[in-house]
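Worksheet: the structure to be examined is printed underneath.
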Amino acid sequence: MNNVIQIENNVTAKVKNFFRRTAGFFAPNDDKPVHPFKAIVYKEIADHVRSWRFIILVALIALTCFGTSFTALTGISKAVKTISNDEAFFFLKLFTVSDGNLPAFFVFIGFLGPLLGLGMGFDAINSEHNRGTLSRVLSQPIHRDYLINAKFVAALVVICLMLFVLGFLVMGIGLLAVGIPPSAEEFMRIVFFLLLSFVYVAFWLNLSIFFSVKFRQPATSALSGIAVWLFFTIFYPMIVNVVSRVLEPNMMSSQLYVTSYTWLIKGMGFIMPNQLFSEATTTLLVPTVRSITPLTMEQIMGTIPGPLPLGQSLLIVWPQVTGLFAATILCFVLSYVSFMRREIRSR
Amino acid sequence: MAEHIIELVDLTKKYGDFTAVDRLNLNIRKGEVFGLLGPNGAGKSTTILMMLGLTDPSSGMVRVCGIDSTTKPLEVKRKVGYLPEDVGFYDDRTGLENLLYTASLNGFSRNEAVVKATALLERIGLSDAINKKAGKYSRGMRQRLGLADVLIKNPEIIILDEPTLGIDPKGVREFLDLIVELSKEKGLTVLFSSHHLHQVQQVCDRVGLFISGKLIAEGDIQTLSQKLFSSSPYIIEVGFSDDKQSVNSIETLLKRVEGIVSIQPKNGHFEVSCVRDATSDIARTAVNAGLDLKHLYRKEYGLDEIYSRYFEGGVDHE
């Protein structure tokens, strides 16, 4: 009996300790010094949360969240009738269905995610420089990369929290409105989708941090970020379009030419981060998508149409995810190197 | 060891072809107030950045408190408080919060930091503005907050880069007094860079004179003027009432006086540099030549003269 009580006490002590430590991360003990890196992260998070810019961005994205879930809910009744019973994944429709007035949730994230990333990073370094705080902070006993890493981490924490909160809110609304709980697989698909959106936003965040290191004026860095974004969403597809029309195979073209042509056009799309994102999200949220790249007749032959399991869907989007990761890391490395090399002078 | 807290040996910094700091040798003793005097772009700030390890020297060595700043900047920065030129604060935070942030970067716990920061803010006379946003601070208040920010880490050395820029004269005097008091109180070594010679003269024990990356002279004000004026230690101003005589003829006339090194016309009068006190000889020559002597004045040597001779004319400093 005593033993049981003791074990119980141990367990409660451990649980308490765990909670104290978790709480300690968010509300540090006032008697103990915090690690300087954490101190910068705390400050940056506080700055983000307090800033009007962040509030506006959150409001914008929350609005689209509710707007899209509303349209999805109105559209879903129609969708339900057409869906046969064995085609489950009803819950995922919340994120993909639209009634035509508003684009679906995942399209919106693809559109607003860059804005969020760019908005949070475009003045990360240059505003510190212009305020004259950069040289003051760097003359404290911290490594120089603490600052840029902490800025990156803080923005990521904020973005991650926000995306998950909004995603789960949409799920909650759907749950209340429809009354059908998501299956475990659907839930995992949504979590992966949110993680993917997170990586996508992180890419744009890094790009804008890079510009904020490179350009002294926040306006210049914001504009260059937006320019890259517009280039990829509007102009680059046009270029791809022109190229594809010029090289279009005709009746006489060989089979080899046709295949290499499709691969070329596809490959040109692969360097667009938004293309990578939309392909990956579609595959994740619409389990019936079987392949992103063109399939040959032999590959299609003998397949049974039907949804893919989660693992297979993940395998399909793996190149896209890797590509997004690579682009994110590339941007981060660029900004890191140029920041470390920079000579810090006062204003 | 105790006497030299900052040692610079053959310190050189090059930006491409431009040499910002040229083979600089300088020792600063513990507990003294040292003034770096020089015009803008003389390499004062670059030297300071190298002392803190914020910029790597092209060659040479910096030792602060016996630690190499280039290889161990972190340890140096723990012991050195640096107030950059035109310091900035987070405008949307209060003065106290700004100090607390610096304290947390220096590894103080929040409770410790609150006590220290409040005491410091009181000491520098900002206790009324403790919860005011730093963006609403006046220029002078910001500079004093900067001083508190530097002192919160209990430094051994404080480096102030042009700290009096843009403060009104009364504020400057108060600020300088505060620096001197605090350095005496806490036994600090102070390095003070400025192009304002009067302020340097007012507070510094020793002065180093910087021109285009080179240290022309160092020492207290007396030795400095002796060193600098060894070739022509006397400056005499001579003015004549009639302008009939051409500048050239007056110059040739005065050149005859023994011991005169150079004559420079300056706003209606002449500045004569000479190796001995030739005041009476100049007067006699002028009167004998029939010129109406209107103004004759032997200048005292202060930093003013050092300044005007080295920064404004004569010496080539590109």
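Worth knowing before you read on, the calculation uses all heavy atoms, side chains too, and leaves out hydrogens, waters and symmetry mates. Chain letters run A, B, ... following the sequence lines, proteins first and then strands; every chain starts at 1.
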Could you check whether any side-chain N or O of B:Lys77 sits under 3.5 Å from a backbone N or O of A:Leu138, counting only pairs where one atom can act as donor and the other as acceptor?
yes
Can you tell which part of A:Ile40 gets under 4.5 Å to a heavy atom of chain B, answering side chain, backbone, both or neither?
both
Checking B:Leu74 against chain A: side chain, backbone, both or neither under 4.5 Å from a heavy atom?
both
Main-chain N/O of B:Leu54 paired to A:Arg144 side chain as donor or acceptor, under 3.5 Å
yes
Looking only at heavy atoms, what is the nearest atom pair of A:Ser139 and B:Tyr82, with distance?
CB-CD2, 3.5 Å
Could you tell me whether B:Asp149 and A:Arg136 make a salt bridge, using a distance below 4.0 angstrom between a side-chain N and a carboxylate O?
yes
Distance (rounded to the nearest 0.5 Å) between B:Ser104 OG and A:Lys43 NZ:
10.0 Å
Below 4.5 Å from any heavy atom of chain B, which atoms of A:His143 appear? Answer side chain, backbone, both or neither.
both
Could you note down all residue pairs passing ring pair (Phe, Tyr, Trp, His ring centres under 6.0 Å) where residues 141-163 of chain B supplies at least one of them, sequence neighbours left out?
none
Taking atom OG of A:Ser135 and atom CG of B:Leu83, what is their separation to the nearest 0.5 Å?
9.0 Å
A side-chain contact here means heavy atoms from C-beta on lying under 4.5 Å apart; do B:Lys153 and A:Pro141 qualify?
yes
Under a 4.5 Å heavy-atom criterion, the part of residues 94-101 of chain B in contact with chain A comprises B:Glu97, B:Asn98, B:Tyr101
